Amino acid sequence: MFSADDHLFMARALQLARHGLFTTTPNPRVGCVIARGGNRVGEGWHERAGAPHAEVNALTVAGAAARGATAYVSLEPCTHHGRTAPCAEALVAAGVARVVAAMQDPNPLVAGKGLARLEEAGVAIECGLLEDEARELNIGFVSRMNRGRPWVRMKLAASLDGKTALNNGKSRWITGAAARRDGHAWRARACAVLTGIGTVKDDDPQLTVREVETTRQPLRVIVDSRLETPVAAKILRGGGVLIAAAVNGGDNFPALKDKGAEMVVLPNAGGKVELGALMRELARRGINEVHVEAGHKLNGSLLGEGLVDELVIYLAPHLIGDAARGMFNLPELEDLSGRRELKIHDLRMIDKDIRVIARIV
């Protein structure tokens, strides 16, 4: 049975973990609180890959006060040597008496071994406090470890009648400035922003994070089967671009390479990009969360292949009409039993627009 103090300190650990929301890729977001006698004596969070982990930062603040204390960690302490030393060993060396973890680490290199090492050293261990909240914070990391692919979040801006662009491709701006800023926050937390060649040609987007403060930019990924990305496209500025193609070479290949773009060739039987293989490739590169901002064709393909986990839809209070483009290019249904079921995860107003977060059932 967890006490009121246990809940309080773990909630604080999760709050600290959120400080790394935009920066820890490919690592999970982790926070730690060291407490004794009902008081916090140390706290910290993991800031970025290669930097000290949350437990080490918290122990550094706590110093000698960590001996006999309880450590609250939002993720099971690690036991393996990576860029940093194992956190379980640091907790043992500091003399903590008890460790409470929100959840077990899904990484096979850790997965229960951290808690076992602590228990072996005589540290009292408990796991599962605020587990749902901890899992939500690292939903992409959990997806990559358990499923071998990132968590895919698709963002759409549409009119109330579900139209994302005029029939001629124009879409700026359907939603208001506040919704666009909110969309940039979702971009910032993602490891990669994915779009299609149609959006690159129609909108010439940068797909960088500009409306919120961040110290890193996500990888930008273009699904471009025939390598038609214009060399002057804004998305190529500043590097950090991966182009997924179905052809190896072509007229544009040398120029795109000169612009700093990296190409990966993943063809399917139909001469398009094998999207499932692309997601596995992104996972191999340490991508936890993919943020999709694409047109109705690529949206429909991703959804049709079962590669979308979550929709973030901004609905503007106006109507555009039937001739405009919809959200997804999906095959016509002949029976409602074929419809895709969603679970509403969050619903709120963003200034004058409605934001719906829904997950695929």
Side-chain angles (χ1 to χ4, degrees), residues 152-184 186-187 190 192-208 211 220-226 228-230 233-235 243-244 246 270-273 275 278 290-334 336 338-342 344 347 350-360:
V152 178
R153 181 181 295 114
M154 182 176 286
K155 175 255 182 181
L156 303 110
S159 59
L160 205 56
D161 54 348
K163 303 302 180 180
T164 60
L166 300 180
N167 202 34
N168 60 13
K170 293 181 180 178
S171 62
R172 295 182 178 176
W173 296 106
I174 286 179
T175 54
R180 294 198 295 276
R181 279 194 300 272
D182 191 70
H184 274 247
W186 288 105
R187 271 188 200 175
V193 178
L194 183 145
T195 194
I197 183 60
T199 298
V200 172
K201 287 181 173 180
D202 288 343
D203 295 344
D204 195 19
Q206 298 178 63
L207 291 184
T208 53
E211 297 287 342
R220 290 168 292 172
V221 181
I222 308 170
V223 178
D224 179 8
S225 296
R226 295 188 294 271
E228 297 174 319
T229 299
K234 292 177 183 176
I235 196 170
I243 300 177
K272 301 288 187 181
V273 172
L275 296 174
L278 174 58
V290 173
H291 176 92
V292 178
E293 292 194 31
H296 66 299
K297 292 181 180 178
L298 181 54
N299 287 347
S301 295
L302 288 165
L303 192 63
E305 293 189 28
L307 296 173
V308 180
D309 299 299
E310 185 172 64
L311 303 173
V312 179
I313 305 174
Y314 301 90
L315 294 173
H318 51 238
L319 306 174
I320 294 180
D322 284 345
R325 297 181 184 179
M327 299 186 198
F328 311 101
N329 183 21
L330 292 170
E332 182 181 357
L333 296 180
E334 295 183 358
L336 283 175
R339 61 192 171 185
R340 288 168 171 79
E341 186 180 351
L342 305 175
I344 303 300
L347 179 65
I350 305 291
D351 195 18
K352 295 179 180 179
D353 300 314
I354 302 167
R355 189 188 75 186
V356 182
I357 299 180
R359 291 185 174 169
I360 311 297

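What you see is a predicted model; the values in this text were computed from it and never measured.
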Contacts under 3.5 angstrom, residues 306-321 side chains, donor-acceptor by atom type, not counting sequence neighbours:
from : atom 1 : to   : atom 2 : distance (Å)
D309 : OD1    : R147 : NH1    : 3.1
D309 : OD1    : R147 : NH2    : 3.2
D309 : OD1    : R149 : NH2    : 3.2
D309 : OD2    : R147 : NH2    : 3.0
D309 : OD2    : R149 : NH1    : 3.1
D309 : OD2    : V152 : N      : 2.8
E310 : OE1    : W151 : NE1    : 3.4
E310 : OE1    : R153 : NE     : 2.6
E310 : OE1    : R153 : NH2    : 3.4
E310 : OE2    : R359 : NE     : 2.7
E310 : OE2    : R359 : NH2    : 2.9
Y314 : OH     : D182 : OD2    : 2.5
Y314 : OH     : G183 : N      : 3.4
H318 : NE2    : I174 : O      : 3.4

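Between I197 and S225, every side-chain heavy-atom pair lies at or beyond the 4.5 Å cut-off. In this structure the side chain of V290 reaches within 4.5 angstrom of the side chain of V292, judged on heavy atoms. Proximity of F328 to M154: side-chain heavy atoms (C-beta onward) are separated by under 4.5 Å at one or more points. Looking at heavy atoms from C-beta onward, I344 lies out of side-chain contact with I357 at the 4.5 angstrom threshold. Contact of the N299 side chain with the N329 side chain is not registered, since no non-hydrogen atoms from C-beta on lie closer than 4.5 Å. Taking the side chain as every heavy atom from C-beta outward, R220 and T208 approach each other to under 4.5 Å. The side-chain heavy atoms of T199 and L207, taken from C-beta on, include no pair separated by under 4.5 Å.
Around atom CG of N168, more than 12 heavy atoms belonging to other residues, nucleotides or ligands sit under 6.0 Å away.
With D353 contributing its side chain and A179 its backbone, the two residues share no donor-acceptor pair below 3.5 Å. A donor-acceptor pair under 3.5 Å links the side-chain atoms of T164 to the main chain of G326, judged by distance alone. In this structure, R325 contributes its side chain and H296 its backbone to no donor-acceptor pair below 3.5 Å.
Shortest non-hydrogen contact noted between G196 and A294 is N-CB, 4.1 Å. Across every non-hydrogen atom of G300 and L330, the tightest pair is O-CD2, 3.6 Å. Residue L166 comes nearest to A324 through the heavy atom pair CA-CB, 4.1 Å, listed as atom of the first residue, atom of the second, then distance.
By the salt bridge (charged side-chain N to carboxylate O under 4.0 Å, His left out) test, R187 is found to be paired with E293, residues two or more places apart in sequence or in another chain being considered.
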### Task
Could you please spell out the steps behind the side chain to side chain contact (heavy atoms under 4.5 Å, CB included) verdict for L298 and T195?
CA-CA 8 Å; L298 181 54; T195 194; 5.7 Å; no
### Task
I would like to know whether T175 and D351 meet side chain to side chain contact (heavy atoms under 4.5 Å, CB included); could you show each step before the answer?
CA-CA 10 Å; T175 54; D351 195 18; over 6 Å; no
### Query
Could you go step by step and tell me if L194 and L278 meet the side chain to side chain contact (heavy atoms under 4.5 Å, CB included) rule?
CA-CA 11 Å; L194 183 145; L278 174 58; 3.9 Å; yes
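With R340 as the fixed residue, the side chain to side chain contact (heavy atoms under 4.5 Å, CB included) test singles out one of L333, I360, L303: L303.
Atom CZ in R355 sits 4.5 Å away from atom CD1 in I350 (nearest 0.5 Å).
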